[in-house]
Amino acid sequence: MKTQAFLFALLCSGTLLLSSCDTKTATETGAATETGAADDMAPMDHSTMDHSTMGGDSPLKASMDEMMAKMDAMKMKGNTDHDFAHMMLEHHKGAVAMAEIELRDGKDATMRQMAERIKADQQQEIGELEAVATRLDNAPTNYKPQDPNDPFTAQMKTSMTTMMQNTSATVANPDMNFNMMMTTHHQSAMDMAKAEVTHGKDSKLKAMAEKMIDTQQKEIDAFKTWHAQNADKM
């Protein structure tokens, strides 16, 4: 009887020990799962990250992407002149930001001179566009921004799509990056300005658009000439 009692007690002790281990394992697994879920849900703080040292996009590319995101998120009023003025305002601000990056990082004298000129010219036009945009805040609707078949909508959308599709892959040389991206940026501005010239109604804004086309075509030609002479920087 004593032997049987001892074996019974030993069996019970083992069962309790296994049960305790199973409970502990389940508790630890549950805690780990909860911690993992909490980590998945927690927002990542990007404020302390140095994006300039990350692989991938250059500061110029990031600046252009930011500009395009702002333009894409812009709510259209439905007046060609009003919407062109506001879209071109954001586009010009993007050019100024890109020029500032070139002046910070670039070394080539010609590209730096072009950056200085672009920054000065587009800052002046930003002031002019802001005045026009404010004046047109109550302008009546004259096109359908949600209709992809609307001529003005289609032309403006094409200018954005073309810019995104034609943005060149970045290289190590910041001057070459500025050259290639600003060429694409200028072409997009010209396409937008042509849409305003064709469909706009405001005579002052149409005159500004025509001036943009002329100025930026000359700068595109200068960019292409420099690019051909500096192909080794690719």
query = Which is it for Thr141 and Asn79 under the side chain to side chain contact (heavy atoms under 4.5 Å, CB included) test, yes or no, and what are the steps along the way?
reply = CA-CA 4 Å; Thr141 59; Asn79 178 274; 5.7 Å; no
task = Could you please spell out the steps behind the side chain to side chain contact (heavy atoms under 4.5 Å, CB included) verdict for Met67 and His185?
result = CA-CA 10 Å; Met67 177 204 72; His185 187 277; 3.3 Å; yes
request  = Could you please spell out the steps behind the side chain to side chain contact (heavy atoms under 4.5 Å, CB included) verdict for Met68 and Met163?
outcome  = CA-CA 9 Å; Met68 288 191 288; Met163 179 168 57; 3.6 Å; yes
request  = Start with the C-alpha distance between Lys206 and His199, add both sets of side-chain angles, then the distance that settles side chain to side chain contact (heavy atoms under 4.5 Å, CB included), and finish with yes or no.
outcome  = CA-CA 9 Å; Lys206 286 164 70 76; His199 303 287; over 6 Å; no
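Listed by first and then second residue, the salt bridge (Lys or Arg N to Asp or Glu O under 4.0 Å) pairs that reach into residues 215-234 are Arg117-Glu219, Asp214-Lys218, sequence neighbours excluded. Residue pairs meeting the salt bridge (Lys or Arg N to Asp or Glu O under 4.0 Å) criterion with at least one partner in residues 178-187, sequence neighbours excluded, do not occur; the list is empty. Identified under the salt bridge (Lys or Arg N to Asp or Glu O under 4.0 Å) test for residues 94-104, with sequence neighbours left out: Glu100-Lys119.
Atoms CG and OG1, from Asp191 and Thr162 in turn, are 6.0 Å apart once rounded to the nearest 0.5 Å. In this structure, OG1 in Thr215 is found 10.5 Å from CD1 in Ile118, a value given to the nearest 0.5 Å. Atoms OG and CE, from Ser188 and Met182 in turn, are 11.5 Å apart once rounded to the nearest 0.5 Å. Rounding to the nearest 0.5 angstrom, the gap separating the OH atom in Tyr143 from the NZ atom in Lys201 is 13.0 Å. Here the CD atom belonging to Gln122 is positioned 11.0 Å from the CG atom belonging to Leu89, to the nearest 0.5 angstrom. Interatomic distance, Thr183 OG1 to Gln187 CD, rounded to the nearest 0.5 Å: 9.5 Å.
Linking ILVMFWY side-chain heavy atoms closer than 4.5 Å, directly or via other members, places Met156 and Ile213 in two distinct hydrophobic clusters. When the side chains of ILVMFWY residues are joined at heavy-atom separations under 4.5 Å, either directly or via intervening members, Met180 and Met190 end up in two distinct hydrophobic clusters. Residues Ile220 and Met164 are members of separate hydrophobic clusters, defined by side-chain heavy-atom contacts under 4.5 angstrom among Ile, Leu, Val, Met, Phe, Trp and Tyr.
By the side-chain hydrogen bond (donor to acceptor under 3.5 Å, both in side chains) test, Asn173 pairs with no residue at all, sequence neighbours left out. Residues that satisfy the ring pair (Phe, Tyr, Trp, His ring centres under 6.0 Å) test with His92, not counting sequence neighbours, are absent from this structure. Under the rule for a side-chain contact (heavy atoms from CB on, under 4.5 Å), the partners of Gln124 that lie at least two apart in sequence or sit in another chain are Glu128. Partners of Asp108 under the side-chain hydrogen bond (donor to acceptor under 3.5 Å, both in side chains) rule, at least two apart in sequence or in another chain, are Trp226. Partners of Glu90 under the side-chain contact (heavy atoms from CB on, under 4.5 Å) rule, at least two apart in sequence or in another chain, are Lys70, Met71, Met74, Lys93. Residues satisfying the side-chain hydrogen bond (donor to acceptor under 3.5 Å, both in side chains) test with Glu196, not counting sequence neighbours, are none. Listed by chain and number, the residues in a side-chain contact (heavy atoms from CB on, under 4.5 Å) with Thr161 are Lys157, Gln165 (sequence neighbours excluded). Partners of Glu116 under the side-chain contact (heavy atoms from CB on, under 4.5 Å) rule, at least two apart in sequence or in another chain, are Leu103. Partners of Asp202 under the salt bridge (charged side-chain N to carboxylate O under 4.0 Å, His left out) rule, at least two apart in sequence or in another chain, are Arg135.
Residues Ser63 and Ile101 form a side-chain contact, since some pair of their non-hydrogen atoms from C-beta on lies under 4.5 Å apart. Counting only heavy atoms from C-beta outward, the side chains of Phe152 and Lys144 never approach each other to under 4.5 Å. Between Met212 and Met192, every side-chain heavy-atom pair lies at or beyond the 4.5 Å cut-off. Residues Leu205 and Leu129 form a side-chain contact, since some pair of their non-hydrogen atoms from C-beta on lies under 4.5 Å apart. Between His227 and Met176, the closest side-chain pair of non-hydrogen atoms falls below 4.5 Å.
A pairwise comparison of heavy atoms in Met88 and Ala193 identifies CE-N, 4.2 Å as the closest pair. Between Val197 and Ala209, the shortest heavy-atom distance links the atoms CG2-CB, 3.8 Å. Minimum heavy-atom separation, Gly78 to Asp83: N-OD2, 2.9 Å. Counting all heavy atoms, side chain and backbone alike, Gly200 lies closest to Asp81 at CA-OD1, 3.3 Å. When every heavy atom of Met111 is checked against every heavy atom of Phe178, the shortest pair comes out as O-CE2, 3.7 Å. Shown here for His82 and Ala133, the closest heavy-atom pair between the two residues is CD2-O, 4.1 Å.
Side chain of Asp175 to backbone of Gly106: no donor-acceptor contact under 3.5 angstrom is found.
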